[in-house]
Amino acid sequence: MPVAASAIYFLNLRGDVLINRLYRDDVGGNMVDAFRTHIMQTKELGTCPVRQIGGCSFFYMRISNVYIVIVVSSNANVACAFKFVVEAVALFKSYFGGAFDEDAIRNNFVLIYELLDEIMDFGYPQNLSPEILKLYITQEGVRSPFSSKPTDKPVPNATLQVTGAVGWRREGLVYKKNEVFLDIVESVNLLMSSKGSVLRCDVTGKILMKCFLSGMPDLKLGLNDKIGLEKESQLKSRPTKSGKTIELDDVTFHQCVNLTRFNSEKTVSFVPPDGEFELMNSRKYYTVLYFLGGCISFNFLVPDCLSERFRYRITEGVNLPFRVLPTIKELGRTRMEVNVKVKSVFGAKMFALGVVIKIPVPKQTAKTSFQVTSGRAKYNPAIDCLVWKIRKFPGQTEPTMSAEIELISTMAEKKSWTRPPIQMEFQVPMFTASGLRVRFLKVWEKSGYNTVEWVRYITKAGSYEIRC
Amino acid sequence: MAPPAQSQRSASPSQPSGKGEVSDLKSQLRQLAGSRAPGVDDSKRELFKKVISYMTIGVDVSSVFGEMVMCSATSDIVLKKMCYLYVGNYAKVNPDLALLTINFLQRDCKDEDPIIRGLALRSLCSLRVTNLVEYLVGPLGSGLKDNNSYVRMVAVIGVLKLYHISASTCIDADFPLTLKHLMLNDPDTQVVANCLSALQEIWSSEASMSEEASREREALLSKPIVYHLLNRIKEFSEWAQCLLLELVAKYVPSDSNDIFDIMNLLEDRLQHANGAVVLATVKVFLHLTLSMTDVHQQVYERIKAPLLTLVSSGSPEQSYAVLSHLHLLVMRAPFIFASDYKHFYCQYNEPSYVKKLKLEMLTAVANESNTYEIVTELCEYAANVDITIARESIRAVGKIALQQYDVNAIVDRLLQFLEMEKDYVTAEALVLVKDLLRKYPQWSHDCIAVVGSISTQNVQEPKAKAALIWMLGEYSQDMHDAPYILESLIENWDEEHSAEVSTYLFWGYGFIMKISSYKSKIGQFDILNQQYWLIYTVFGQVRLQLLTAVMKCFFKRPPETQNALGAALAAGLADFHQVGFHNVGLQDVHDRALFYYRLLQYNVSVAENVVNPPKQAVSVFADTQSSEIKDRIFDEFNSLSVVYQKPSYMFTDKEHRGPFEFSDELGNVSIGAESADNVVPANRVEANDKDLLLSTSEKEESRGPTHNGSAYSAPLYDSSSASISAANSLSELAISNPTSAGNASSSSLAIDDLLGLGLPATPAAAPAPASAPLPPPLKLNPKAVLDPGTFQQKWRQLGISFSQEFSMSPQGVAALTTPQALLKHMQGHSIHCIASGGQSPNFKFFFFAQKAEESSNYLVECVINTSSAKAQIKIKADDQSTSQAFSDIFQSALSKFTVS
């Protein structure tokens, strides 16, 4: 039975109930207490997000300062339950305008109850799309449509959309200026050994799109992915232009893409929603998240799925934006010397923003002194790290930091210090670690208006770890 | 508006201040109820919000029910919703007052606004009051025919709610058939999806009662319906798709074309952004192709990429859910994932539950080509801050070593661990080195050199200490100062561990509670004895090991060891340990010392043969999880079973959860109060959880040899095996060891007497069918045959026609040391076993039998818990009318089972 939840609770960090919603009678009335006694108040907290107590299973997730707990008594579908929580939180956020935390919940608890009623019925997830729910769950506008002048008109429309197959984009959208914003956001995950060899490296990217387009437009997007280009050159029977091509490993799509057409024609057509959405999600391979929204058809070339069966993800061909070269010397029992050189290996005209390098030091650090050629460094005892920040980091440069650390001498300390990896955060605008580029983005609409297309690239650090 | 400050302090329902406020609210609501002044809705809203927020934090606001209902006459939809929510929450406890709401809900069900119609219908069905069901039928009927899909969607789930309140009303109104019609014809996919959920639930639970329902349930899986729904899958919402895919996974395809059609249709679902949809699709693929080996393997290749993508996206909790499934697949087919090992490398900041799964997968996928990289990576984790993960990774290295033929490099790594000089690293490494030597005695030379240099002072954990002592005894000829180390250990015989007693007592408490929960509600079970018994197992293992090691050493280096041996035997014979005012003998240690002593007296060379026989290397360490259980888990792919790594019957069926009833216990937990009552249930839950783990054979134990030592030829070794975890040896001693099984059963008899269950003195006196006016006695075919496939199919199709729990005779329990004993016995009664499994104390059997003349089958699931002496049977029969008679035969056969 794929029941996703028998009850849902929202708790703050102290364990006070913020929201409780019982969907089914098969779990006892006061499961919160069980959660508090057996999970929150024990060391169990955080050791595993799925726990069984008695005959019930608890799934919990912490989101900012709130625990969301799902209780089931049957053999439920875990993936579905967690996905439901994530989607529900996204929905709440879109209602609250951003934050989802204890205060937001306290201020909106009636709204949350209303939404919980709609998004799940008797343990079965119903409709979670903000686009649709916002048509008829309107906390602010409560008074206008129903109490002051009850009109029939918006309602049937809304209910049609609640359940309808294609209710995701309202007709008759009009924008003065027709614009499309396309952001390619990649995050690089790196695990480098202390000897400088790459143990693991991949890129997780997504394409975000913001549409302000009138009517029912049709979109076509071309990328420099390898198979797409090959397909194209086959079609046009001319050789592929030289230049970097990217091999995409795995593609996933959002629900509204017509995948039958994708498989036969290698084009993706769909109707995106109005506003911001995620188009594609990549991990050195690209994922298309399709969308319920306006009428745009995305026509772009993606790899042949069937041939993917036997290909693996490639870890080569990733352009690492930074190289970190650390040397850490332990000089006797009470002194350490740390030298870190960071090399930026992207174009000299580009620059990275918000670079933070965290170099772990032992707990018993007493005194530190720094010399940096760029940015600022300080010792943060809360996380036992030297934190070196460089606000603007140009390409093809290699600033260094050298630090001397004095340690408190401890008698009992005989263990050698185990060094956690150096971690790095950064954002590099106009750079993609995968090398992916948008070749074209075309918009058609029957009224033939002109569109302005904006494309941005940004590469962020995912988990960028260098062992030392 | 924020909920009142009360929630900040405590959520106690019985706060006096809460009461005062509630009566305040009551009077305010009353004032507003009749008012038609402008702006009255605003003030109502504020009041309603207050009521709801009290309700949320657990303050009982049921006393304002009447006022809430009076105020509900409003056109403000938000007010309505709050009111519905309130009514839904309290109607169950105030069935009389709930009647008041029926009127306005029914009126709202006819509102012209479909949203209001839907809401009212939903609330009406959520009242959950049995005597109001008559009011539900009408609105539900018209709701199902409503021309608005929102109302229909709500009505469909409403039918399901009605079914749970009163099944007969729901069936009598013919709602299931209406739902079926809607499912096949409704244009709206959410309505269709809800119909599917409702029908699945209704027919599954009806199936045991009526044949028609079970036919209908089968019909849901028929080709036309499955295909009809599959053709619309793209219109379905992502959640509904999960539901549908779950259905398809149960579908039995007619031929291979059927299979490929479905897979082609669903191929693109693997690219869905919702992980749950992807997993559900994976399940369909895996289950459809089970019979086609080649395709099945291709499926693995195909699903690999999407699963790896899912693992690396989303929150840690989501990736944990996916990772658990990936883990299952990796364990089933490690070779397919061998080249993807880098995906299982742990990131520094990942939560430990993710790391733990990844470590297990790294261990599983290790083969000739990637071992070096994997072991190098694992060694990095050994220095991890998180000690559990560090330990796990060392164990992982050890496991890889035991899997591989080329262990050269790994042995070096393990030995490096020993030199790291961290207590826990040394401890884990010692245990591993010991296991390694049992499998690869040829490495002894390298290992012994390093092991010999370890100071016994640095080894404190009993398991590690026992391992070290074993090596000292086994390789005393190669270790220069082995006799002297042993001697010094014997000198410290008494001090040993005394500092840790209290810790272990504390730690053992959980197990004691577990034991007492098995014996069910016996109140003051002799906990003290249990505690000593526990100490004795913890101490026992080191001391027993020490005795054996000294003996071994004596035969190899007699002159040097003689003194030590004398001292050890003397200490062993005099063994007792003082705790509080009691002297507790470590009986096993005492007995073994005595045994050695007499053996030596009798004949030294015989003694040598007994203690130090030539040993064969262990070739395979026994697998801990039976393949039956693994298959069951695989059948339940995409559910909690995979996360818990045990089949669902172990955590959803009541009998498997043991006597501890969660909901009862909860009632006793006083909120917020740290009273003793509060602590005890907590421990018991804990303990109960652990025993479930034990019964399913814990992963952790797999690092040691299994307790029956079947793979090992040295007779003495197994009882003294150090690597059996203390927990395990405890349960072992308590239950499965044949010698103590008698004790266990006699104690359980005593307990049953205490409970007044009054076991029949002679088992034969168990339920005799004689008194009832009977159908002709049932005869069974002694040579019945049934192949497992048919059995499984039937088991799935048939409903339970009979289910009962009864006590087993103590003799029967005592005889049930292995499943095989019972199988033979039952065969003598023409009841055949098709599958059996489990470990003491939980055994599980599937039996079948056939009627003598016809081919009518009886299928039985029998779960026996030896520690509580309870047997739980579920009988499914082709011919339901005779199932009672068969159950009598079965029970009497079972009751005759004794020690032969």
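What you see is a predicted model; the values in this text were computed from it and never measured. Throughout, a chain's letter reflects where its sequence line sits, starting with A, and its residues are numbered from 1.
B/Tyr348 is listed as a side-chain neighbour of A/Pro420, based on a closest heavy-atom distance under 4.5 Å. Looking at heavy atoms from C-beta onward, B/Leu85 lies in side-chain contact with A/Arg21 at the 4.5 angstrom threshold. Side-chain atoms of B/Tyr644 and A/Val50, non-hydrogen and from C-beta on, do get closer than 4.5 Å to each other. The shortest distance between side-chain heavy atoms of A/Tyr124 and B/Leu243 falls below 4.5 Å. Side chains of A/Arg24 and B/His164 form a contact here, defined as non-hydrogen atoms less than 4.5 Å apart. A/Val86 is listed as a side-chain neighbour of B/Gln318, based on a closest heavy-atom distance under 4.5 Å. Considering only heavy atoms from C-beta on, B/Trp239 comes within 4.5 Å of A/Lys83 through its side chain. Between B/Glu317 and A/Val78, the closest side-chain pair of non-hydrogen atoms is not below 4.5 Å.
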task: For side chain to side chain donor-acceptor pair (under 3.5 Å), just list the numbers for B/Asn349 and A/Ser463, CA-CA rounded to whole Å, side-chain angles, deciding distance to a tenth of an Å, and then say yes or no.
output: CA-CA 8 Å; B/Asn349 288 333; A/Ser463 141; over 6 Å; no
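If you check the side chains of B/Ser237 and A/Asn127, you find no donor sitting under 3.5 Å from an acceptor. Side chains of B/Thr56 and A/Tyr113: a donor on one and an acceptor on the other come within 3.5 Å.
When B/Pro351, B/Ser352, B/Ser641 are compared by the number of non-hydrogen pairs under 4.5 Å with chain A, B/Ser641 comes out ahead. In terms of non-hydrogen atom pairs under 4.5 Å with chain A, the most contact-rich of B/Leu79, B/Asn89, B/Asn194 is B/Asn194. Ranked by heavy-atom pairs under 4.5 Å with chain A, the list B/Gly88, B/Ala193, B/Ser197, B/Gly118 is led by B/Ser197. Ranking A/Asp117, A/Leu191, A/Val85, A/Ile63 against chain B, the residue ahead of the rest is A/Asp117, based on heavy-atom pairs under 4.5 Å. The residue among A/Gly462, A/Ser194, A/Pro421 with the most heavy atom pairs within less than 4.5 Å of chain B is A/Pro421.
A/Ser193 meets the side-chain contact (heavy atoms from CB on, under 4.5 Å) test with A/Lys195, A/Ser197, A/Leu199; sequence neighbours excluded. Under the side-chain contact (heavy atoms from CB on, under 4.5 Å) criterion, A/Ala79 pairs with A/Asn77, B/Ala276, B/Leu279, B/Ala321, B/Asn638, not counting sequence neighbours.
Taking every heavy atom of both residues into account, A/Pro125 and B/Gln190 meet most closely at O-NE2, 4.0 Å. Smallest separation of non-hydrogen atoms from B/Lys49 and A/Phe109: O-CZ, 3.2 Å. Taking each heavy atom of A/Cys48 and B/Tyr353 in turn, the nearest pair found is CA-CD2, 3.6 Å.
For B/Val643, the part sitting under 4.5 Å from any heavy atom of chain A is the side chain, from C-beta outward, and nothing else. Interface remark: A/Ile19 contributes backbone atoms only to the contact with chain B (heavy atom separation under 4.5 Å). Only the side chain of B/Tyr320 comes within less than 4.5 Å of a heavy atom in chain A; its backbone stays farther off. Contacts between B/Glu380 and chain A at a heavy-atom distance below 4.5 Å involve the side chain alone, from C-beta outward. For B/Arg152, no part lies near chain A; criterion is any non-hydrogen pair under 4.5 Å. For chain B, no part of A/Asp103 is nearby; none of its heavy atoms comes within less than 4.5 Å. With a 4.5 Å cut-off on non-hydrogen atoms, A/Arg62 touches chain B through its backbone but not through its side chain. Using a 4.5 Å cut-off between heavy atoms, B/Ile303 does not touch chain A at all.
Note that NZ of B/Lys81 and CG of A/Leu115 are 8.0 Å apart. Values are rounded to the nearest 0.5 Å. The CG atom of B/Leu119 sits 8.5 Å away from the CD atom of A/Glu114 when rounded to the nearest 0.5 Å. From B/Cys346, atom SG reaches atom CD of A/Glu465 across 10.5 Å, with rounding to the nearest 0.5 Å. With rounding to the nearest 0.5 Å, the separation of CD1 in B/Ile157 from CD in A/Gln126 is 5.5 Å.
A/Arg200 has no carboxylate O lying under 4.0 Å from a charged side-chain N of B/Glu377, or vice versa, which leaves the two without a salt bridge. A salt bridge between A/Asp202 and B/Lys342 is absent, with no side-chain N of the basic residue lying under 4.0 Å from a carboxylate O of the acidic one.
Panel note: side chain A/Asn75, backbone B/Leu640; a donor-acceptor pair is recorded below 3.5 Å.
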